[in-house]
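Report on the following structure.
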There are 2 protein chains.
Amino acid sequence: MPKMKKKTSKKALIQETAARLFRDKGYSATSMRDLAEAVDLKASSLYNHISSKEEILKNICFENAQRFLSGMEEVEQQSLSAPDQVRELLRLHITTAMEDATSVTAFNDEWRHLNEPDLSEFKALRRDYEQRFRKILEGGMQAGAFRRMDANVALYTIFSSVRWLYDWFQPGKALTAEQVEQEVVEFIMQGLKA
Amino acid sequence: MPKMKKKTSKKALIQETAARLFRDKGYSATSMRDLAEAVDLKASSLYNHISSKEEILKNICFENAQRFLSGMEEVEQQSLSAPDQVRELLRLHITTAMEDATSVTAFNDEWRHLNEPDLSEFKALRRDYEQRFRKILEGGMQAGAFRRMDANVALYTIFSSVRWLYDWFQPGKALTAEQVEQEVVEFIMQGLKA
DNA sequence: CGCATACGAATGAACGTTCGTTTGCAAATA
DNA sequence: TATTTGCAAACGAACGTTCATTCGTATGCG
């Protein structure tokens with residue numbers, strides 16, 4: 001029974017460490033020897049736990065895509081007003097960016113290094129997410145809750161606006177996570193307001 | 001007199017092409033052989049015009065840092081209200097992102113691949129720019145033109161909010177450059193408004 | 001003019017290094 | 001004993017870069 005030894009499996013440790021390295025140096029600039037050293041192994045030993053460098057990236061990308069899609073699912077099922085839906089999704093983006101910085105990096109930057117069957121699949125998931133988010137924004141505009149504006153401009157501005165959190169926010173620094181969340185949500189919601 | 005034969009020198013062509021490749025695939029994932037092929041040369045021939053891969057990156061980073069710093073200089077010299085200063089700088093970021101996408105990539109992403117004497121120098125320039133931008137935001141808050149909020153949250157949200165333009169905007173598509181600029185400026189300025 | 005010289009530009013071959021990955025075997029764990 | 005884990009060594013491929021050489025053209029000089 002090779003289930004659990006300590007808290008998490010070594011495979012999980014490798015994945016998390018890789019995610020951090022990919023965020024700090026980028027996927028291409030992170031070598032398997034870098035990764036091995038960071039988890040106190042030799043490069044060859046990694047392959048007892050994972051099957052390729054790209055598999056690691058693939059897992060990171062799809063896990064996080066799934067996280068955002070689940071959040072979308074949840075938001076859609078509650079019957080909220082468009083502003084409340086956006087607020088909820090925005091909170092998801094912000095807290096995710098702060099407590100697991102890699103998600104944002106994967107979602108925004110590193111996915112392009114996927115190879116072809118995976119690349120197209122990931123892009124499809126991303127397109128699906130964007131489309132559902134855009135629907136909410138357009139609904140809010142038609143209901144008069146949001147200012148009339150190009151939905152794509154609003155969509156991508158929202159996505160991008162949380163991109164800095166992952167390399168700027170440090171818990172315990174000047175602002176708490178809750179304060180940052182509140183500030184950013186207010187900024188964006190006011191930008192959307194009719 | 002080896003001045004001009006056609007429009008631009010081959011060195012300039014190499015730099016521009018490299019900037020495009022760095023934006024599309026990232027610095028590390030772009031090989032000198034990729035670059036050579038893109039300018040219709042062999043890899044070895046590149047070195048008749050440039051001295052290293054990193055020199056290209058260095059030029060891109062510092063040229064664009066200088067562009068933003070010049071814009072800052074200009075905005076500071078006119079005696080404008082804080083909102084008008086921000087509007088002006090925001091316009092600079094937006095138009096730059098649309099007409100020369102690489103600037104934003106360099107300014108936001110690729111600089112971290114610089115090597116050490118250059119890396120520190122670049123970070124210093126960047127810190128200077130951010131500090132002057134932050135001063136404007138804080139002034140606007142004290143003057144009551146902007147809502148009171150954490151200046152860093154405002155600052156980085158503004159920077160990030162234009163990051164999507166470079167891989168989304170295509171002239172001639174649904175929106176013109178002027179429309180995009182107007183929409184984004186309005187979004188951000190309303191988010192700042194008291 | 002005719003010819004030597006200099007030089008910018010391009011190249012194929014090769015350098016040393018690093019890349020991701022595979023293999024065979026030993027140690028640890030079950 | 002059977003399975004998992006780790007490692008040294010090695011693999012071919014790709015990396016950034018150097019080098020000697022070549023070709024074409026422009027200049028200097030008789």
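All values derive from a computational prediction rather than experimental measurement. Naming: A, B, ... by sequence-line order, numbering from 1 per chain.
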May I have all residue pairs that pass salt bridge (charged side-chain N to carboxylate O under 4.0 Å, His left out) and include part of [range], sequence neighbours excluded?
range: residues 47-56 of chain A; answer: none
range: residues 110-123 of chain B; answer: Lys58(B)-Asp118(B)
range: residues 92-109 of chain B; answer: Arg67(B)-Asp100(B), Asp109(B)-Arg163(B)
range: residues 9-19 of chain A; answer: none

Can you find an N or O donor on one side and an acceptor on the other, under 3.5 Å apart, linking the side chain of Asn48(A) with the base of dG6(D)? yes
For [X] and [N], what is the distance between atoms [atom1] and [atom2] respectively, to the nearest whole Å?
X: Lys11(B); N: dG8(C); atom1: NZ; atom2: P; result: 14 Å
X: Lys10(A); N: dT3(D); atom1: NZ; atom2: C1'; result: 16 Å
X: Glu37(B); N: dA10(C); atom1: CD; atom2: C1'; result: 16 Å
X: Leu21(A); N: dC19(C); atom1: CG; atom2: P; result: 13 Å
X: Asp40(B); N: dA9(C); atom1: CG; atom2: P; result: 16 Å
X: Ile14(A); N: dT21(C); atom1: CD1; atom2: P; result: 13 Å
X: Lys42(A); N: dT18(C); atom1: NZ; atom2: P; result: 15 Å

Looking only at atom types and distance, does a side-chain atom of Asp128(A) sit under 3.5 Å from a main-chain N or O of Leu125(A), one as donor and one as acceptor? no
Are any protein N/O atoms closer than 3.5 Å to N/O atoms in nucleotides 13-17 of chain D? If there are, list each pair with its distance.
from	atom 1	to	atom 2	distance (Å)
dG16(D)	OP1	Thr30(B)	O	3.3
dG16(D)	OP1	Lys53(B)	NZ	2.9
dG16(D)	OP2	Met32(B)	N	2.8
dG16(D)	N7	Arg33(B)	NH1	2.9
dG16(D)	O6	Arg33(B)	NH2	3.1
dT17(D)	OP2	Tyr47(B)	OH	2.5
dT17(D)	OP2	Lys53(B)	N	2.9
dT17(D)	O5'	Tyr47(B)	OH	3.2

So what does Leu46(A) touch, heavy atoms closer than 4.0 Å: a base, only the sugar-phosphate, or nothing? nothing
Only counting residues at least two apart or in another chain, list the ones meeting salt bridge (Lys or Arg N to Asp or Glu O under 4.0 Å) with Glu186(A). Arg147(B)
Please check the phosphate of dG8(C) (OP1 and OP2 only) for any side-chain N or O of His49(B) closer than 4.0 Å. no
